[in-house]
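So the structure is just underneath, and the comments pick up after that.
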Amino acid sequence: MAAQEPPRPPPAPAEPPEPEPGGRYEAVVPHWFYCKVTDTRERWVPFSAQDSERLEEAHGAGKDRDDVVVPTSGGRYDVHLRTRQRVAVYWEEEASEVRRCTWFYKGDKDNKFIPYSESFSKELEEAYMVAVTLDEWKKKLESPNREVIILHNPKLMVHYHPVASSDDWVSTPTEQGRPRTVKRGVENIAVEIPSGEPLQIDHLVFVVHGIGPACDIRFRSIVQCVNDFRNVSLSMLQAHFKKAQEQQQVGRVEFLPVNWHSSLHSTGVDVDLERITLPSINRLRHFINDTILDVFFYNSSTYCQTIVDTVASEMNRLHQLFLQRNPQFKGGVSIAGHSLGSLILFDLLTNQKADPEEDKHCAQGSRTTSSTGGIEEVKEILRKLELSEYCDVFEKEKMDRQALFLCTETNLKEMGIPLGPRMKILHYLSSKTEMKDQSSAAPGHSKRGAEAGGSQHGDSTEDGRNCQYRDIGLGQVSANYPQLNYKPTIFFAFGSPIGMFLTVRGVKRIDPNYSLPTCKGFFNIFHPFDPVAYRIEPMIVPDLEFEPMLLPHHKGRKRMHLELKEGLTRMSVDLKNNLLGSLRVAWQSFTRAPVPALEAGSTEAEAEAEAGTEKQPDTKPEEPPTAVKEETPLINVGRLNGGNRIDYVLQEKPIESFNEYLFALQGHLCYWESEDTVLLVLKEIYQTQGITLDQPLPGSQ
């Protein structure tokens with residue numbers, strides 16, 4: 001038995017038949033590509049591994065004969081197999097060609113491999129199969145474009161340009177004679193194939209752009225910029241939510257762009273502007289008409305209505321379409337706006353109507369829950385004002401808290417309230433710090449956070465100026481603000497001018513009790529050199545000077561140049577303190593009168609104590625500025641973000657710190673590819689689901 005066991009290995013050498021004249025043929029593994037056209041240049045991009053497998057499975061089942069649609073790229077694009085087209089689902093985009101690719105040749109311009117057509121790839125594969133099986137190489141094939149491909153051997157296959165005729169002047173003979181490499185199979189070409197996106201979607205975020213059609217310094221559209229933001233979010237999830245991913249608690253966050261610029265400029269206003277635009281400096285004038293004027297359009301009641309209608313209807317349409325395509329989705333919805341887009345969203349959110357039930361039961365809300373306040377509350381107010389004798393009058397008129405805050409001086413006069421008590425009540429209504437339900441406010445403004453009695457009745461503009469807090473919707477363009485079909489979880493503002501616009505509109509302070517009616521989270525994120533960005537927190541806490549929250553670096557540290565700058569600042573402060581202390585001691589030793597030797601023991605301790613007490617007040621002002629402190633003290637910034645900090649500043653890059661003005665424009669357009677910004681967005685979104693980062697970042701809230 002033992003002697004017969006060794007003959008078992010012979011089947012192994014019989015497996016590969018390479019030495020024999022005929023080789024063993026293995027079918028090529030196809031991969032699906034789509035053609036991306038940018039600035040008239042074509043670039044073939046591979047589908048992710050999971051998308052290509054899905055397409056190949058549908059193709060293998062013969063579904064390409066019917067008009068079968070296969071969702072790809074996380075469901076944002078559909079591929080129509082029969083027509084071989086890739087079509088955008090959520091936005092308008094020109095359809096791109098799709099190919100099932102097996103053979104590639106190297107292009108002339110950028111040395112990237114280009115796939116042959118499916119029909120010619122089939123011919124090449126058949127010729128290759130014959131050559132391998134019969135071991136007959138030097139095969140020559142001619143493509144439909146008169147281009148010649150020669151299969152020298154499995155490792156060397158060459159593509160030649162067509163031979164030029166006498167009247168062919170398009171390309172030179174040297175270009176025609178230069179061969180190009182041919183490769184079989186996607187595994188033999190230098191191309192990065194992504195694995196694909198997680199199928200599970202945990203949260204949906206709508207992103208609204210700012211002025212103009214271009215959103216970054218490379219003049220790319222909102223779709224391209226949001227694609228970058230989404231890609232960065234996928235890498236941040238892998239780096240900082242690895243444990244949650246392994247436990248299948250985390251899938252991904254979907255970001256969808258919202259475009260309002262094209263709808264605004266399709267109203268015919270561009271034709272009207274063209275007629276009045278001067279012919280000089282043509283490019284600059286057209287740039288201004290296409291971008292800067294969007295700010296003025298938003299401040300026009302006619303075009304503001306177009307903009308808010310477009311943004312709200314587009315977000316509602318996208319939300320409904322997303323739910324149709326993802327019926328299993330149970331996550332929340334957040335919104336993000338860049339530049340002017342953040343102001344549009346802020347105005348929309350301040351004009352949303354909360355559910356009556358929520359008004360009754362939400363203790364965090366900034367509106368006055370007048371429906372629950374009865375006549376007893378009015379009596380309590382009158383007692384505080386020492387006007388109890390008028391309780392019967394208010395009770396007779398069935399005056400509850402809501403009715404009281406709607407009273408004008410004329411109403412009180414008609415009720416028979418004398419001038420003195422009347423003035424006391426009106427002063428109380430105008431100075432009370434609670435927010436009032438604004439359902440009866442000016443047309444187009446619904447339920448904004450207002451200081452009770454704050455000039456909303458229009459009876460006295462002087463009273464309005466003297467109010468401590470003004471209506472958050474004060475100065476908004478008169479428009480009918482549409483309602484959203486959902487309640488956003490968080491509102492993120494990138495490089496936002498909201499604070500500036502509120503100030504220009506006349507809102508000097510925001511009541512600490514105010515919160516957006518349907519959205520409880522608000523983050524104002526900005527680059528330190530962004531010329532368009534303004535802070536929000538100083539409008540809520542104007543009497544206290546404090547720095548915005550420094551966004552931690554996504555790698556869990558401060559940037560090196562900031563640490564160096566902070567260290568040098570501390571060192572200079574310490575040196576200054578020590579030098580001043582030494583000079584003070586020296587000066588005192590010169591000016592102090594001589595002390596007898598017998599008293600030296602008793603006065604030495606006194607001198608030290610005196611020096612210590614003198615040094616203490618001088619060292620306090622020399623503390624490093626608050627921007628350099630490691631720990632920020634807890635500051636109450638109101639309810640706009642649920643009691644949490646609102647303003648967050650990014651850390652500038654080392655090269656940006658050399659010249660603030662040079663990188664100002666880049667500072668306003670840097671958010672799309674900022675890992676720190678994306679990580680904050682993900683951290684706050686997943687915190688609402690009880691999921692935290694693998695390792696808390698230093699300095700994060």
Side-chain angles (χ1 to χ4, degrees), residues 332-337 342-373 401-402 405 432-439 441 445-454 456 467-476 481 483-484 486-493 496 498-499 501-503 505 507-525 534-542 548-549 634-648 681 684-685 687-688 701:
V333 182
S334 291
I335 54 178
S342 64
L343 178 67
I344 297 168
L345 290 175
F346 185 80
D347 288 346
L348 269 174
L349 290 176
T350 56
N351 288 280
Q352 296 300 296
K353 295 176 182 176
D355 295 335
E357 293 82 5
E358 186 178 339
D359 281 346
K360 289 178 184 178
H361 300 104
C362 182
Q364 190 185 16
S366 59
R367 297 164 301 280
T368 306
T369 55
S370 54
S371 57
T372 61
R401 185 182 178 88
Q402 182 181 7
F405 277 94
K432 187 77 173 126
T433 57
E434 292 179 350
M435 302 299 289
K436 187 174 184 302
D437 189 352
Q438 294 254 321
S439 56
H445 297 169
S446 58
K447 285 197 179 181
R448 299 185 205 107
E451 171 57 21
Q456 55 189 336
C467 264
Q468 187 181 9
Y469 303 115
R470 305 295 296 274
D471 181 358
I472 202 76
L474 182 74
Q476 284 181 358
Y481 290 89
Q483 299 298 301
L484 300 176
Y486 52 87
K487 294 178 183 176
T489 307
I490 306 174
F491 167 39
F492 298 99
S496 172
I498 292 173
F501 270 86
L502 289 179
T503 303
R505 289 170 178 176
V507 180
K508 293 184 178 180
R509 289 190 63 179
I510 299 173
D511 194 305
N513 291 322
Y514 177 70
S515 66
L516 298 170
T518 58
C519 180
K520 300 308 174 191
F522 176 31
F523 290 86
N524 183 36
I525 305 164
Y534 289 82
R535 291 190 63 187
I536 297 291
E537 290 173 342
M539 298 187 71
I540 304 171
V541 193
M549 288 289 289
L634 291 174
I635 300 167
N636 181 13
V637 289
R639 293 177 175 174
L640 194 55
N641 190 24
N644 300 315
R645 293 294 300 272
I646 300 167
D647 293 338
Y648 284 79
V681 170
E684 295 302 329
I685 285 174
Q687 262 188 356
T688 62
Q701 193 170 279

What are the two closest heavy atoms between [X] and [Y], and how far apart are they?
| X | Y | answer |
| --- | --- | --- |
| Cys519 | Thr489 | SG-O, 3.8 Å |
| Ser496 | Ile498 | OG-CG1, 2.9 Å |
| Ser342 | Gly337 | CB-O, 3.5 Å |
| Leu349 | Pro488 | CD2-CG, 3.9 Å |
| Asn636 | Val541 | O-CG2, 3.3 Å |
| Arg645 | Ile635 | NH1-CD1, 4.1 Å |

Review point. Passes side-chain contact (heavy atoms from CB on, under 4.5 Å), Phe491 versus Leu348? Steps please.
Key: CA-CA 11 Å; Phe491 167 39; Leu348 269 174; over 6 Å; no
Exercise for review: Mind running side-chain contact (heavy atoms from CB on, under 4.5 Å) on Met539 and Thr503 for me, showing each step along the way?
Suggested key: CA-CA 9 Å; Met539 298 187 71; Thr503 303; 3.8 Å; yes
Check your understanding: Sub-3.5 Å donor-acceptor pair from the side chain of Glu537 to the main-chain atoms of Asp647, do we have one?
Key ->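 Flag set: sc Glu537 to bb Asp647 pair under 3.5 Å.
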**Study point:** Main-chain N/O of Lys353 paired with Gln483 side-chain donor or acceptor, under 3.5 Å
**Key:**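 Yes; judged by distance alone, with no hydrogens or angles, the pair exists.
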Exercise for review: Apply the test side-chain contact (heavy atoms from CB on, under 4.5 Å) to residues Tyr514 and Thr350: give CA-CA distance (whole Å), side-chain angles for both, the deciding distance (0.1 Å), then the verdict.
Suggested key: CA-CA 10 Å; Tyr514 177 70; Thr350 56; 3.5 Å; yes
So how far is it from [X] [atom1] to [Y] [atom2], rounded to the nearest 0.5 Å?
| X | Y | atom1 | atom2 | answer |
| --- | --- | --- | --- | --- |
| Leu502 | Ile510 | CG | CD1 | 5.5 Å |
| Asn644 | Glu684 | CG | CD | 7.0 Å |
| Lys520 | Leu640 | NZ | CG | 10.0 Å |

Check your understanding: Is there a side-chain contact between Gln352 and Leu484, using heavy atoms and a 4.5 Å cut-off?
Key -> yes
Review point. Does the side chain of Phe492 reach to within under 4.5 Å of the side chain of Ile685, using non-hydrogen atoms?
Key: yes
**Study point:** side-chain contact (heavy atoms from CB on, under 4.5 Å) between Phe346 and Leu516, worked out
**Key:** CA-CA 9 Å; Phe346 185 80; Leu516 298 170; 4.1 Å; yes
Point to revise | Phe523: which of Ile536, Asn641, Ile646 passes side chain to side chain contact (heavy atoms under 4.5 Å, CB included) | key: Asn641
Revision key, fill the gap. Residues passing the side chain to side chain donor-acceptor pair (under 3.5 Å) test with Asp347, sequence neighbours excluded, are Tyr298, Gln476, Arg505
